[in-house]
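Comments concern the structure below.
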Amino acid sequence: MLVTELLQTTPDPAAETALTLPDYDPETQAALFRYLLRLGDSVLILGQRTSEWCGHAPVLEEEMALANFGLDLIGQARMLLTYAGALEGKGRDEDTLAFLRYEHEYRNVTMTELPNGDFARTMVRHFLFASWMVLLWARLQSSADPHLAAIAGKAVKEARYHQRHAGGWIVRLGDGTALSHDKTEAALDDLWPYTAEWFEGDEDDARLAQAGIAPHPSELAAPWRETVTPTLAEAQLRIPPESPFRSHGRWGRHSEHMGHLLPEMQYLQRAYPGGKW
Amino acid sequence: MVTAPDAIHAVLATVPDPEIPNLSIVDLGMVHRVTVAENGAPLIELLPTYSGCPATEAIAAATRRALAQAGYPDAVVRFVLSPAWSSDRITAEGRAKLEAAGIAPPSCGGAGSDDKRATAAPLTYHPTIPCPHCGSRNTEPLSEFSSTACKALLRCRACGEPFEYFKPI
């Protein structure tokens, strides 16, 4: 009874978050909108993927860890997409952006939409991603955009916890049994080429770097490699060789998996438009 | 705008955290600022804890309801993201209430403090988080994530009881 009452009185979160929009020129504003989608979609889609583990994790502790990973990521996505919608000024809120776009309109990095695979693969993906996000959020904390800096101030702490937890599993699995080592190594070999996309920039990235709003993606390539290398070494895993493969999720060109993920994620809003809890 | 009267703070101190009901939002340090507009409407700015905390909206609703019942029906409650909430904001009273509820309070500074140990290794650093039941420091971590986003699960080797630990962040 109490819970029902609370949920029915839940107001629109966009309206209850104080949001003073900065005064940007139209090009910068549009570039920041697209940047927020790239970031927000990446954490949204990885949050959706991670939540697929609910009820399937190998042990209870990891069940909770994966659910909490997903919760943190979707919480970050809400803040980013709410801001993106406000900045765009066309009345789209977090839900409209999350649930009512088509595949080519999503800007998440491709790795986040790949199927979970086994536990090793999920943890390798999470470790690589969280290690990147720790660096990115840390830089965004001093963004010239105050709202993005505020979001980063919250998210960086969560990303650190994710990185540490997933990193612990990389070591245990990589330096574990022959079977766990092989599975972890196979996951690393498969996933590593998808990281190249994270460090490639375009004119939006150049513009935002110029304005001090976000670091240019290429600036994080070397620090990221330095961050993940000790953990991979401790896990007895070798860094895969450079590959010519490039994914292009940040540009809206997705893998075949995205088209299967979206119907499940969007089902409720597509079937019952405007449905609320 | 004028500084808020203590009466509003007293109302906020009655709003419980839905997941740790013996703590109020004041105990948790979630109240960033309280101001009163010229027309008398209080503006309450709250700091959300974890990004994905599902209790956030319930807390806003409960705050509005408590203020309305206390005679402030036009109170505006909203969340601000800066400064980022940190476990350092939990008050001394809040820490005592956590212990009373069987939850070990954060044992070192969070990300906002100069104490960088928490963010370096939130659990492995603390081999001796004291048991809130018997006080023994002979405890071990069981699970880095627990029933809510803000807690981890530990066990006391002395009294055998599991207990939750509020993570420093």
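Each chain gets a letter, A, B and so on, in the order its sequence line appears, and its residues count up from 1.
With sequence neighbours excluded, no residue forms a salt bridge (charged side-chain N to carboxylate O under 4.0 Å, His left out) with A:Glu62.
For the residue pair A:Tyr24 and A:Asp145, a side-chain donor N or O sits within less than 3.5 Å of a side-chain acceptor on the partner. Looking only at atom types and distance, the side chain of A:Gln76 has no donor-acceptor partner in the side chain of B:Ser51 under 3.5 Å away. Between A:Gln269 and A:Asp95, the side chains place no donor N or O within less than 3.5 Å of an acceptor N or O (distance only, hydrogens not considered).
Within the 3.5 Å criterion, the main-chain N or O of B:Thr49 finds a donor-acceptor partner in the side chain of A:Lys154.
Within residues 39-52 of chain A, no residue has a heavy atom under 4.5 Å from a heavy atom of chain B.
Atom CZ of B:Arg155 is surrounded by 12 or fewer heavy atoms from other residues, nucleotides or ligands within 6.0 Å.
Within the 4.5 angstrom heavy-atom criterion, atoms from both the backbone and the side chain of B:Pro48 approach chain A. When heavy atoms are compared at a cutoff of 4.5 Å, B:Leu142 approaches chain A solely by way of its backbone atoms N, CA, C and O.
Ring geometry for A:Trp53 against A:Phe119 counts as perpendicular: the plane angle is over 60°, on a 0 to 90° scale with 30° as the lower cut.
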